[in-house]
Amino acid sequence: MLADSLTAAPSNPWVAIVPLIALLPAILCMADIARHPRTQQFSPQMWLAICAFGNVFGLFAYLRFGRSQDR
């Protein structure tokens, strides 16, 4: 019974698309940190962790406070 519900296809296609849309900004911020490792206030590793686990707030914090101005 449980195995049947785990293998069933989602009835709504947005169920699969929305998580991908939510991950896209995080991936873009992480790629920006990797390309430009000079960050403000924290180390690049700390900003990667904040972006990975901070969801939307971590992404906005990096874009507002973490990006260096002399890129």
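Residue numbers count from 1 along this sequence.
- Residues Leu63 and Met46 share a hydrophobic cluster, clusters being chains of Ile/Leu/Val/Met/Phe/Trp/Tyr side chains in contact below 4.5 Å.
- Across all non-hydrogen atoms, the minimal contact from Cys51 to Ile33 is SG-CD1, 4.1 Å.
- The line from CG of Asp32 to CG of Leu48 is 10.5 Å long, rounded to the nearest 0.5 Å.
- Here the closest non-hydrogen pair linking Arg67 and Gln40 is O-NE2, 3.2 Å.
- Here the closest non-hydrogen pair linking Thr39 and His36 is CG2-O, 4.3 Å.
- Across all their heavy atoms, Pro25 and Leu59 have their closest contact at CB-CD1, 3.7 Å.
- The heavy-atom pair separating Ile50 from Gly58 by the smallest distance is CG2-CA, 3.6 Å.
- Across Trp47 and Phe65, no two heavy atoms sit closer than the pair CZ2-C, 4.2 Å.
- A single hydrophobic cluster is not seen to contain both Met30 and Leu28; linkage of ILVMFWY side chains at heavy-atom distances under 4.5 Å, directly or through other members, places them apart.
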